[in-house]
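Read the structure below first, then the notes.
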Amino acid sequence: MPYLDLDQGTPGGVNPAAPGFVRIGRGTPGLGDAVTIDATTGAIVTAGPVQSGSSLALSGAATVTGVSTLQSLVPGYTLPAGSLAAGQIFEFEAWGVVTTTLAAQTVDLALFLGGIGGTNILDMGAQQPNSGAAVTNAAWGIRGTVLALDATHMTAVGWDFYNFFPSGCNQKSPVVVSNASAAQLVLGVTPSAAAVSITANGGYIRRVQ
């Protein structure tokens with residue numbers, strides 16, 4: 001639930017004699033879901049990770065190549081243990097380029113809770129960047145939304161694009177998840193062949209509500 005803290009001292013401190021700070025956030029104070037504002041100067045200061053409205057977004061390009069097994073492509077929001085609740089909404093988006101050597105080669109983008117190998121929240125299925133020919137540095141993108149139905153169930157929808165054209169829309173019926181321990185939402189990719197190269201030039205997974 002929303003909260004407002006009035007604190008004295010440095011962000012994250014325990015009321016030492018120092019200028020005041022205002023912390024505004026959702027959830028439980030101290031879990032990082034907050035923004036800290038210096039009450040004297042008005043400057044925004046982060047007190048630890050700020051995950052509501054931001055994420056562990058890519059700071060540089062991430063490439064998967066030379067493999068044909070599931071790999072992590074974009075890391076995202078980490079749910080603190082026991083924090084999942086009905087009505088929470090998460091958004092994800094990623095984009096970049098893909099190269100294939102045969103038209104039949106595919107990439108399969110999927111979202112997981114609990115890291116790669118965790119619970120599959122959404123799977124877009126194997127997609128051919130171009131059904132007629134191999135591609136070199138063709139654009140791709142994916143975006144979608146995840147909804148927590150309650151503390152143990154999530155559902156999701158997503159759209160992906162390859163070679164500048166929409167490729168698919170998929171949704172996931174409610175799936176059972178566990179948040180007994182901290183769990184990270186991660187976007188993964190499975191290339192159909194080691195010759196496929198996919199690069200994420202940008203991407204994020206964040207909680208928005």
Side-chain angles (χ1 to χ4, degrees), residues 26-27 33 49-64 69-80 83-98 106-131 135 138-179 182-192 196 198-209:
R26 290 191 291 265
D33 192 7
V50 181
Q51 297 198 105
S52 174
S54 68
S55 68
L56 298 180
L58 289 177
S59 58
T63 298
V64 171
T69 56
L70 176 63
Q71 304 291 319
S72 176
L73 188 61
V74 179
Y77 183 91
T78 296
L79 284 70
S83 65
L84 190 64
Q88 290 179 351
I89 297 173
F90 307 86
E91 289 181 347
F92 64 94
E93 186 170 10
W95 57 93
V97 293
V98 59
T106 63
V107 290
D108 184 351
L109 294 165
L111 189 69
F112 297 87
L113 178 65
I116 295 299
T119 303
N120 186 295
I121 304 299
L122 180 69
D123 194 329
M124 299 305 297
Q127 302 284 352
Q128 292 173 260
N130 187 331
S131 61
V135 296
W140 68 269
I142 184 172
R143 62 175 55 180
T145 302
V146 181
L147 171 66
L149 301 175
D150 53 37
T152 57
H153 294 85
M154 301 177 96
T155 183
V157 64
W159 296 263
D160 57 3
F161 309 82
Y162 292 93
N163 204 25
F164 307 102
F165 295 99
S167 292
C169 173
N170 206 357
Q171 66 87 38
K172 187 81 167 185
S173 299
V175 60
V176 177
V177 298
S178 174
N179 184 213
Q184 186 179 34
L185 284 163
V186 175
L187 180 67
V189 63
T190 305
S192 65
V196 175
I198 182 168
T199 296
N201 288 323
Y204 62 86
I205 307 169
R206 65 181 182 176
R207 177 184 163 191
V208 295
Q209 177 174 309

Distance from Asp150 atom CG to Leu84 atom CG, nearest 0.5 Å?
7.5 Å
What I'd like to find out is whether the side chain of Val107 reaches to under 4.5 Å of the side chain of Tyr162, using heavy atoms alone.
yes
So how far is it from Asp108 CG to Asp123 CG, rounded to the nearest 0.5 Å?
4.0 Å
Below 4.5 Å, heavy atoms only, C-beta onward: do Met154 and Leu149 meet side chain to side chain?
no
Counterpart residues, side-chain contact (heavy atoms from CB on, under 4.5 Å), relative to Val97 (two or more places apart):
Asn137, Thr199, Asn201
Of the non-hydrogen atoms in Gln184 and Pro75, which two are nearest, and what is the gap between them?
NE2-CB, 3.7 Å
Rounded distance (nearest 0.5 Å) linking atom CZ of Arg143 with atom OH of Tyr204
7.0 Å
Of all heavy-atom pairs linking Ala94 and Val74, the shortest is CB-CG2, 4.0 Å
Validation row: Lys172, Asn120 side chains within 4.5 angstrom (heavy atoms):
yes
Rounded to the nearest 0.5 Å, what separation is found between the CG atom of Leu185 and the CD1 atom of Ile205?
6.0 Å
State, with a plain yes or no, whether a side-chain heavy atom of Thr106 is found less than 4.5 Å away from one of Gln128.
yes
For Val157 and Cys169, the nearest pair of non-hydrogen atoms, with its separation, is CG2-SG, 4.3 Å
Can you name the nearest heavy-atom pair linking Ala85 to Ala148, along with the distance?
O-CB, 3.3 Å
Taken in chain and number order and not counting sequence neighbours, the residues that satisfy side-chain contact (heavy atoms from CB on, under 4.5 Å) with Ser173 are Gln171
For the student: nearest non-hydrogen atoms of Val176 and His153, plus distance:
CG2-NE2, 3.6 Å
For Gly115 against Val186, the heavy-atom pair lying closest together
CA-CG2, 3.8 Å
Sorted by chain and residue number, the side-chain contact (heavy atoms from CB on, under 4.5 Å) partners of Ile89 (sequence neighbours excluded) come out as Thr145, Leu147, Val208, Gln209
Taking Gln88 for its side chain and Ser83 for its backbone only, find out whether a donor-acceptor pair lies under 3.5 Å.
yes
Less than 4.5 Å apart, any side-chain heavy atom of Thr119 and any of Ser178?
no
Less than 4.5 Å apart, any side-chain heavy atom of Phe92 and any of Leu111?
yes
Report the C-alpha distance between Leu113 and Asn179 in whole Å, list the side-chain angles of each, state the deciding distance to 0.1 Å, and finish with yes or no for side-chain contact (heavy atoms from CB on, under 4.5 Å).
CA-CA 9 Å; Leu113 178 65; Asn179 184 213; 5.6 Å; no
Spacing of CZ belonging to Phe161 relative to CE belonging to Met124, to within rounding of 0.5 Å:
8.5 Å
By the definition side-chain contact (heavy atoms from CB on, under 4.5 Å), identify the one residue from Asp160, Ile198, Val135 that meets it with Trp140.
Ile198
Please examine the side chains of Val146 and Leu122, heavy atoms only from C-beta on, and report whether any two atoms are closer than 4.5 Å.
no
